[in-house]
Amino acid sequence: MKNIRATLVTVWRIASPYFRSEDKWAGRGLLAAVIAIELSLVAIDVLINQWQNRFFNALQERNWDSFVREIGIFTILAFCAIGLAVYQLYLNQWLQIRWRSWMTSHYLGEWLEGPNHYRMQLQGDAADNPDQRMTDDVKLFVERTLEIGIGLLSAIVSLTSFVVILWGLSAAAPLHLFGNEFPIPGYLVWGALVYAIFGTILTQWIGSPLVNLDFEQQQREADFRFNLVRVRENSEQIALMKGEPAERERLMHRFERVISNWYGIMSRTKRLTAFTQSYTQAAIIFPYILVSPAYFANKIQLGGLQQTASAFDSVRRSLSFFVNVYRTLAEWRAVVARLDGFEMSIESSRHLAASPDSVRIAAGKDKAIELQELLVRLPHGAPVVAADALALRDGERTLITGPSGSGKSTLFRAIAGIWPFGGGTVTIPPGATLMMLPQRPYFPIGSLHAAVVYPAEAGAFDIERVRQALVDAGLGELAPRLHEEAHWNRMLSLGEQQRLGVARALLHAPAFLFLDEATASLDEPSEAALYRLLGERLPATTVISIGHRSTLQAFHERQLALVRDGDRFALREGAAQQSL
């Protein structure tokens, strides 16, 4: 019960925001319509149950007029049931897609709120494979929540309706055993209750391991899919290193984990299915065994026997709701756990950024970026870089050097506000724009025009201006292809990608441009030409570079270096020659 309550609290926390959102009236209206139709279908079931008594009595009595009349009544009830079932499915699916759309948009907004998505990766917690959370898990959550919720409501209403009918039939057809009559009030209801409790207890005992098995299966499937995507994204490097055998072995190892867990699901499902099928088949004959002695004792007619069996089955199915949907419940609980972990990870990332023990980004009063008592740490707490009372002054081009692994790129991430681990303050001039160009820039899949102007919209820059930026960056041959759509990170060499990154900087003209070895794949003359281009076209931009080439010193007025200081590296002035 504790687990059930915890699951329901989690489900309410995940599901309720939609029904309080801007789409709440449509969602509530569709849900109310689906529920109303379900209640109508239960009412039709009750009417058909009563119809069975009259119909089979007409057959027993060979009453042609009653038979014809009951056929007409059944036709009307059947058409009503068909129409309601069709529109219930239609409205249910309409609610599903609206609910899923809202949840996907909500999760995308939370995940991509600032650098949350990046911090979640750094924490390495329960947020593995966010793509699966926002696709498969959201879809299954909406489908299974409606399926189980509407089904449970139907079971409760059916139980209430048919218990009254079955209680009355228990009096009309008292229990007969060995020729003796035992007037036990509501004995058919108690029989259905005992039968359902017996089935529920055994179902839980047999099927409980399926919850963990389903959760593990989803994780392993997602891990296998993620590694397939990684191979696709890095196919060039794998091909150059002839790493196909190693990748095949790694992928097969992950797929074998999928298979081994699937065998566990198969074994447990086989046992559960064997019991539930036996339970369902036995339920067909069980009410006849209870009531047939009264029928043969002429206490009830054939119609009463059929109505009793039908009502008993309805009560039994309502009480056995847990048994019938156990497999679905196991899958649903696993989905709920995964979405709960995703939400917790988003919240943890948000709290991490706001923690007093993290790097603080503040608005400054001067035109310089100032580092005050800055200490950058790794996620597990080890110190990496320290800097205090240092300013990256407006208009002053600065070169930062240091040995590999000294934390130069991590320092840039902290200044950009995406690396929370550590302490101290980074003050940014009010209204200043920062642009980071890494060694391997990112380009979204789409038109070349959209790739160059990213993260702005394609229409933010005139096409002639974009074409000129490509020509200036040494990519004139790409200028005619601005409308071509492609995966540009695959299509272009790393050197071409770095030139495209420079073209992006020319368009955006940020106040501060951080180049993290952003020209390292180019030869020295090409690199020098791009630095001169940046100086000519972006005279108001402050350039801060990370680089190892001594030739870069000629393009920077100031040099800072990371030098060893105990268990960390310290950013110091005028030590560039030593670090180089």
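Remember, it's a predicted structure, so these values are computed and weren't measured experimentally.
No side-chain donor-acceptor contact under 3.5 Å links His117 to the backbone of Leu112. Asn49 places no side-chain N or O within 3.5 Å of a backbone atom of Asp45 that could act as its donor or acceptor partner. Between the side chain of Ser348 and the backbone N or O of Ser345, no donor-acceptor pair lies under 3.5 Å. Side-chain atoms of Trp488 come within 3.5 Å of backbone N or O of Gly446 as a donor-acceptor pair. Of the possible polar contacts, none joining the Glu110 side chain to the Glu343 backbone as a donor-acceptor pair under 3.5 Å is found. A donor-acceptor pair under 3.5 Å is absent between the side-chain atoms of Arg220 and the main chain of Arg254, judged by distance alone. Between the side chain of Gln498 and the backbone N or O of Ser521, at least one donor-acceptor pair lies under 3.5 Å. In this structure, the side chain of Ser154 does not engage the main chain of Ile150 through any donor-acceptor pair within 3.5 Å. Judged by distance alone, the side chain of Asn261 and the main-chain N or O of Leu213 form a donor-acceptor pair under 3.5 Å.
Between Leu500 and Leu470 the shortest heavy-atom distance is CD1-CD2, 3.2 Å. Considering all non-hydrogen atoms of both residues, Met120 and Phe342 come closest at CE-CE1, 3.6 Å. Contact record, Pro130 with Trp111: CG-CZ2, 3.7 Å, taken as the closest heavy-atom pair. Here the shortest heavy-atom pairing between Arg268 and Ile206 reads CD-O, 2.7 Å. The minimum heavy-atom distance linking Pro115 with Gly417 is given by the pair CG-O, 3.9 Å. The two atoms that bring Arg98 and Tyr18 nearest to each other are CB-OH, 3.6 Å, heavy atoms only.
Between the side chains of Trp419 and Thr410, no donor-acceptor pair of N or O atoms lies under 3.5 Å. Looking only at atom types and distance, the side chain of Ser16 has a donor-acceptor partner in the side chain of Arg20 under 3.5 Å away. For Ser349 and Asn116, the side-chain atoms include at least one donor-acceptor pair closer than 3.5 Å. If you check the side chains of Glu147 and Trp332, you find no donor sitting under 3.5 Å from an acceptor. Judged by distance alone, the side chains of Tyr442 and Asn489 never bring a donor and an acceptor atom under 3.5 Å apart. For the residue pair His351 and Glu347, a side-chain donor N or O sits within less than 3.5 Å of a side-chain acceptor on the partner. Side-chain contact check for Glu216 and Asn212: no donor-acceptor pair (N or O, by modelled atom type) lies under 3.5 Å. Using modelled atom types and a 3.5 Å distance limit, the side chains of Glu464 and Gln468 yield no donor-acceptor pair.
Taken to the nearest 0.5 Å, the CZ atom of Arg360 stands 9.5 Å off from the OG1 atom of Thr427. Atom-to-atom distance recorded for Ile415:CD1 and Leu434:CG is 8.5 Å, nearest 0.5 angstrom. A distance of 9.0 Å separates CZ in Arg338 from CG in Asp136, rounded to the nearest 0.5 Å.
The aromatic rings of His106 and Trp102 sit parallel to each other, their planes meeting at less than 30°, with 60° as the upper class boundary. Using bins of under 30°, 30° to 60° and over 60° for the plane-to-plane angle, the ring pair Phe224/Phe255 lands in the tilted bin.
Every residue two or more places apart in sequence or in another chain that forms a side chain to side chain contact (heavy atoms under 4.5 Å, CB included) with Glu485 is listed here: Ser447. Shown here are the side chain to side chain contact (heavy atoms under 4.5 Å, CB included) partners of Thr75, two or more places apart in sequence or in another chain: Ile71, Phe79.
Taking the ring centroids of Phe443 and His487, they lie at or beyond the 6.0 Å cut-off.
Of the charged side-chain nitrogens involved, none lies within less than 4.0 Å of a carboxylate oxygen, so that Glu143 and Arg100 do not count as a salt-bridged pair. Salt-bridge check for Glu496 with Arg499: failed, with every basic side-chain N at 4.0 Å or more from each acidic carboxylate O.
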- Item | Verdict with supporting geometry, Asp516 and Ser409, side chain to side chain donor-acceptor pair (under 3.5 Å) | CA-CA 7 Å; Asp516 185 0; Ser409 297; 2.6 Å; yes
- Working for side chain to side chain donor-acceptor pair (under 3.5 Å), residues Gln96 and Asn92: CA-CA 6 Å; Gln96 284 182 33; Asn92 191 303; 2.7 Å; yes
- Kindly determine whether Phe461 and His508 satisfy ring pair (Phe, Tyr, Trp, His ring centres under 6.0 Å), including the steps that lead there. CA-CA 9 Å; Phe461 295 94; His508 285 273; 5.2 Å; yes
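Applying the 6.0 Å contact sphere to CZ of Arg230 captures no more than 12 heavy atoms from other residues, nucleotides or ligands.
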